Amino acid sequence: MTNSGLEELFSSLTNTNHKITSPRTNEYNCFAWAAEENDRWWSPSEDLEEYYWLDGAPRELTLDSITKTYSLLGYEPCETSEIEENFQKIAIYMKYGKPCHAARQLSNGKWTSKLGGWEDIEHELTGLEGIGEHEYGYVEQILKRKV
């Protein structure tokens, strides 16, 4: 798929360092996509009718809470975003002290993200970093699990 103006929203994206991999949808978000789900919107919100959150996961939007949530799926903190054989990784982005995005590493070393209600894209890890209105802050934590 070709770009759709995402370079105007994310200052680190160019027309050569990412590609769109799905059409726009509001069915799921980045936290679900990072966990390989594409059929529901994940949020620690108390609104259980509208959002999904893992049973037993803390219902607050903090780095600790998001890390604990993914730990229920077998992820643990790690030191590097470099690709490691037999491991899958998730990056947690923080902006203004709050987690606001998660991306999953692909087998080719690139990362995949669901951009809110927009498309999924394949990108470099730093491609979504920045503090503009639509940007996701900076990668604060890398998690990994054995696959």
Side-chain angles (χ1 to χ4, degrees), residues 1 3 6-7 9-14 16-48 50-132 134-147:
M1 300 180 114
N3 72 49
L6 292 173
E7 302 85 4
L9 302 174
F10 297 92
S11 62
S12 296
L13 289 182
T14 68
T16 60
N17 70 1
H18 77 286
K19 68 179 179 180
I20 295 172
T21 56
S22 78
R24 291 177 179 221
T25 179
N26 283 319
E27 290 296 313
Y28 58 98
N29 64 351
C30 64
F31 295 117
W33 185 243
E36 299 185 280
E37 287 202 11
N38 65 358
D39 61 350
R40 54 190 169 186
W41 196 280
W42 282 32
S43 174
S45 167
E46 293 294 330
D47 187 351
L48 300 178
E50 188 170 352
Y51 304 114
Y52 172 77
W53 202 238
L54 290 173
D55 287 338
R59 289 200 168 272
E60 52 190 31
L61 192 57
T62 64
L63 181 59
D64 186 56
S65 172
I66 299 296
T67 299
K68 286 178 182 173
T69 300
Y70 285 118
S71 76
L72 296 172
L73 299 174
Y75 287 92
E76 58 187 38
C78 70
E79 298 298 318
T80 178
S81 63
E82 298 300 314
I83 196 162
E84 291 182 59
E85 191 172 339
N86 300 317
F87 284 94
Q88 183 175 61
K89 294 189 176 182
I90 290 177
I92 308 298
Y93 294 70
M94 300 275 290
K95 184 175 178 180
Y96 304 128
K98 296 283 185 191
C100 62
H101 187 69
R104 176 173 27 94
Q105 192 175 48
L106 298 168
S107 61
N108 65 6
K110 301 266 189 182
W111 295 78
T112 181
S113 287
K114 172 67 165 85
L115 304 177
W118 297 321
E119 301 90 350
D120 302 336
I121 67 168
E122 182 177 308
H123 60 91
E124 299 294 331
L125 183 61
T126 58
L128 302 176
E129 290 186 327
I131 56 169
H134 298 286
E135 294 171 311
Y136 296 129
Y138 297 92
V139 174
E140 183 72 25
Q141 180 69 67
I142 303 292
L143 307 171
K144 72 178 182 178
R145 74 173 174 186
K146 198 151 183 76
V147 291

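Just so we're clear, the structure is a prediction, and the values are computed from it rather than from any experiment.
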- Task: Please lay out, stage by stage, how Glu76 and Ser71 fare under the test side chain to side chain donor-acceptor pair (under 3.5 Å).
- Result: CA-CA 6 Å; Glu76 58 187 38; Ser71 76; over 6 Å; no

Side-chain heavy-atom pair [X], [Y] within 4.5 angstrom cut-off:
X	Y	answer
Asn17	His123	no
Ile83	Lys89	no
Asp120	Asn38	no
Ile131	Tyr96	yes
Glu124	Lys110	yes
Trp118	Ile20	no
Thr126	Ser12	no
Glu50	Ser45	no

If I take atom [atom1] from residue [X] and atom [atom2] from residue [Y], how far apart are they, to the nearest 0.5 angstrom?
X	Y	atom1	atom2	answer
Asn29	Glu27	CG	CD	11.5 Å
Gln141	Ile90	CD	CD1	11.0 Å
Lys19	Leu13	NZ	CG	14.5 Å
Leu63	Thr67	CG	OG1	4.0 Å

Please find the pair of heavy atoms, one from [X] and one from [Y], that lie closest to each other, and give the distance.
X	Y	value
Lys95	Cys100	CB-SG, 3.6 Å
Ile92	Ala102	CD1-CB, 4.1 Å
Leu125	Ala91	CD1-CB, 3.6 Å

- Item | Between Tyr28 and Trp41, ring centroids under 6.0 Å | no

Ignoring hydrogens and geometry, is there a side-chain-to-backbone donor-acceptor pair from [X] to [Y] under 3.5 Å?
X	Y	value
Arg145	Leu73	yes
Glu135	Ser11	yes
Glu129	Val139	yes

- Tell me, please, which residues at least two apart from His101 pass ring-ring contact (aromatic ring centres under 6.0 Å, His included). Tyr93, Tyr136

- Basic-acidic side-chain contact under 4.0 Å: Glu84, Lys144: yes

- Message: Looking at Trp111, I'd like to know if the NZ or CZ of Arg104 sits under 6.0 Å from its six-membered ring centre while staying within 45 degrees of the ring's axis.
- Response: no

- Query: With a 3.5 Å cut-off and no angle check, do the side chains of Trp53 and Ser43 form a donor-acceptor pair?
  - Reply: no

- Task: Using only heavy-atom distances, determine whether the side chains of Glu37 and Tyr52 contain a donor-acceptor pair under 3.5 Å.
- Result: no

